[in-house]
Number of protein chains: 2
Amino acid sequence: MSLRHAILGLLSIQPMSGYELKKVIDESVGHFWTADQSQVYRTLSTLVDDGLASRRTVVQEDRPNLHLHSATDRGLAELDTWLASPLQTPPIREPFLARLFFADRLPADRIQKLVDTRRQEVAEQLAALEAIAVPANATEAGQVLRSATLANGIAHARAELDWLASTQRQLERITP
Amino acid sequence: MSLRHAILGLLSIQPMSGYELKKVIDESVGHFWTADQSQVYRTLSTLVDDGLASRRTVVQEDRPNLHLHSATDRGLAELDTWLASPLQTPPIREPFLARLFFADRLPADRIQKLVDTRRQEVAEQLAALEAIAVPANATEAGQVLRSATLANGIAHARAELDWLASTQRQLERITP
DNA sequence: CGCACATATGTGTATTGACATATATGTGCG
DNA sequence: CGCACATATATGTCAATACACATATGTGCG
């Protein structure tokens with residue numbers, strides 16, 4: 001469970017409610033990490049139970065009360081331990097490649113369509129990533145790192161598009 | 001659960017035992033799909049229960065008996081349905097990027113080390129992928145598709161290496 | 001007025017999967 | 001002789017997650 005650490009990391013930057021966390025995850029780290037809303041709340045609870053985060057209720061009058069969460073000292077220590085620990089590579093699962101691998105069961109035009117649909121999807125993803133503004137000449141480590149994670153997504157999207165184009169050409173070559 | 005379909009796909013090419021399937025998954029589709037051994041056996045059982053695969057026991061004298069599995073007609077139909085169904089994009093989870101995002105908590109040399117360790121790992125992965133031989137001028141759709149999935153892994157590994165180099169340069173720029 | 005949507009927090013539950021473990025036998029190595 | 005390793009199948013179990021659902025209130029729109 002690395003969602004624990006992702007949340008701990010976000011809380012180390014700024015105290016947040018579960019609701020806000022979910023939004024931040026979707027918006028600012030969404031290109032490399034996703035989380036279910038219910039999981040965010042449950043993880044926050046275990047974090048508080050384990051003493052890695054603290055919870056403070058903020059009374060609001062015109063909307064439901066907030067549970068504002070902060071990383072505790074132990075939480076920050078745990079975060080640093082995680083940052084220094086060896087990286088466990090996650091299981092690779094690429095549904096599109098899995099499909100493409102068996103796609104010769106389909107007629108040629110259907111294979112082409114598979115590839116083309118994928119091309120459109122990746123093109124949209126790329127456009128979405130490129131639309132996110134990044135500071136041009138970052139001087140702080142945090143800025144550099146955060147724009148680098150974004151650049152990673154862009155680099156892979158472009159690589160995927162190039163590969164798709166090349167695959168498409170190869171497919172056209174065998175079915176003239 | 002797409003392991004069902006991955007297994008169904010492999011069985012459509014050739015009847016196999018669970019043991020053999022696990023090996024084939026590790027070796028031939030390992031660069032885009034991984035599976036736990038216990039999960040392979042359990043999935044085979046549900047596949048048989050659902051009538052999508054059939055099981056035949058092959059008695060062997062000097063080793064444990066084989067359970068040879070084949071895709072049934074219904075299994076092949078299910079496979080084709082899956083191939084034609086809209087692709088559900090899996091949740092994105094990139095532990096390395098998650099770490100890098102919060103790595104400004106670490107001293108500069110530790111960040112560099114993080115990036116460098118990653119560079120070595122990806123370089124090894126790339127070498128492993130490049131070592132797999134592929135037919136140069138594929139004429140069959142199946143060959144083209146299968147070498148394309150391999151090419152995909154290579155393309156992404158190279159993109160990752162380029163990005164890592166660029167990130168490293170940026171980090172050096174801010175900590176002279 | 002009803003409806004959707006944003007704010008905000010949670011529970012219930014089934015599936016998936018990772019990891020450990022059990023069982024049985026043959027081969028090769030030191 | 002013991003040990004590791006390959007062949008081969010399978011269960012037990014816990015954690016992580018996805019998806020659905022429940023609850024409560026204010027705002028804006030047609």
Side-chain angles (χ1 to χ4, degrees), chain A residues 1-8 11 15-27 30 33-50 53-69 82 87-95 98, chain B residues 1-8 11 15-27 29-30 32-50 53-69 82 87-95 98:
Chain A
M1 184 186 25
S2 206
L3 179 57
R4 266 175 98 78
H5 298 109
I7 287 180
L8 225 36
L11 291 183
M16 274 183 272
S17 68
Y19 186 80
E20 205 181 341
L21 256 169
K22 170 61 176 159
K23 277 203 295 182
V24 169
I25 290 173
D26 287 349
E27 283 156 26
W33 205 272
T34 53
D36 187 75
Q37 177 256 91
S38 65
Q39 205 59 25
V40 169
Y41 282 101
R42 264 191 267 251
T43 302
L44 275 174
S45 287
T46 65
L47 244 28
V48 171
D49 289 347
D50 296 349
S54 64
R55 173 180 283 166
R56 187 165 65 86
T57 302
V58 177
V59 179
Q60 300 191 124
E61 292 202 343
D62 54 347
R63 24 184 100 173
N65 291 343
L66 274 183
H67 285 179
L68 208 60
H69 295 80
W82 171 69
L87 192 75
Q88 50 196 18
T89 35
I92 307 160
R93 244 159 240 142
E94 300 285 349
Chain B
M1 183 184 30
S2 205
L3 179 58
R4 266 175 97 81
H5 298 109
I7 287 181
L8 225 36
L11 291 183
M16 274 183 272
S17 67
Y19 186 80
E20 205 182 341
L21 255 169
K22 170 61 177 157
K23 278 204 295 181
V24 169
I25 290 173
D26 287 349
E27 284 157 26
V29 304
F32 64 80
W33 206 271
T34 53
D36 187 74
Q37 178 255 91
S38 64
Q39 207 57 25
V40 169
Y41 282 101
R42 265 192 266 251
T43 303
L44 275 174
S45 288
T46 65
L47 245 27
V48 171
D49 289 348
D50 296 348
S54 64
R55 174 180 281 167
R56 187 165 63 87
T57 302
V58 178
V59 178
Q60 300 189 122
E61 293 202 342
D62 55 345
R63 26 184 97 174
N65 291 344
L66 275 182
H67 284 179
L68 208 61
H69 295 80
W82 171 69
L87 193 74
Q88 51 197 18
T89 35
I92 306 160
R93 245 159 239 144
E94 301 284 348

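Below, chains carry the letters A, B, ... as their sequence lines are ordered, and counting in each starts from 1. These values consider heavy atoms only, across backbone and side chains, with no hydrogens, waters or symmetry-generated copies. The structure presented is a predicted model; accordingly, all values stated were derived computationally and were not measured.
Under the 3.5 Å distance criterion, the side-chain polar atoms of Tyr41(B) are matched with a main-chain donor or acceptor of Tyr19(B). For Ser17(A) (side chain) and Glu20(A) (main-chain N/O), a donor-acceptor pair under 3.5 Å exists by modelled atom type. Side chain of His67(B) to main chain of Asn65(B): no donor-acceptor pair is present (N/O by atom type, distance under 3.5 Å, no hydrogens or angles).
Taking atom CZ of Arg56(A) as the reference point, atom P of dA8(C) lies 14 Å away to the nearest angstrom. With rounding to whole Å, Asp36(A) atom CG is found 15 Å from dT9(C) atom P. The distance from atom NZ of Lys22(B) to atom C1' of dG17(C) is 12 Å, rounded to the nearest whole Å. At whole-Å resolution of the value, CG in Leu66(A) and P in dG26(D) are 15 Å apart. For the pair Gln39(A) CD and dA14(C) P, the computed distance is 17 Å after rounding to whole Å. Atom CG of Leu47(B) is separated from atom C1' of dA10(D) by 17 Å (rounded to the nearest Å). Note: CZ (Arg55(A)) to P (dA8(C)) measures 15 Å, nearest angstrom. For the pair Glu20(B) CD and dA8(D) P, the interatomic distance rounds to 8 Å; values are reported in whole Å.
Ser45(A) is linked by a side chain to side chain donor-acceptor pair (under 3.5 Å) to Arg55(A), counting only residues two or more places apart in sequence or in another chain.
Helical stems of DNA chain D (runs of at least 3 Watson-Crick or G-U pairs, donor-acceptor distances under 3.5 Å) are listed by first residue: C:1-30 with D:1-30.
Applying the 4.0 Å criterion to OP1 and OP2 of dG10(C), one finds that Tyr41(A) has every side-chain N and O outside that range. Between dT7(C) and Tyr19(A), a contact under 4.0 Å exists linking OP1 or OP2 to a side-chain N or O. Taking 4.0 angstrom as the limit, Arg93(B) places a side-chain polar atom (N or O) nearer than this to OP1 or OP2 of dA18(D).
Each of dC19(C), dT9(C), dT9(D) was ranked by its minimum atom distance to the side chain of Ser17(B); first place goes to dT9(D).
Closest heavy-atom contact between Ala35(A) and Val40(A): CB-CG2, 4.0 Å. Contact detail for Arg93(B) and Pro90(A): the closest heavy-atom pair is O-CG, 4.3 Å.
Across all strands, Arg4(B) comes closer than 4.0 Å to no nucleic acid atom at all (heavy-atom distances).
Here the CG atom belonging to Leu3(A) is positioned 12.0 Å from the CZ atom belonging to Arg42(A), to the nearest 0.5 angstrom.
Arg42(A) contributes a side-chain N or O that forms a donor-acceptor pair with the base of dG12(C) under 3.5 Å.
In terms of position on DNA chain D, the residue among Lys23(B) and Gln37(B) whose nearest nucleotide sits closer to the 5' end is Lys23(B).
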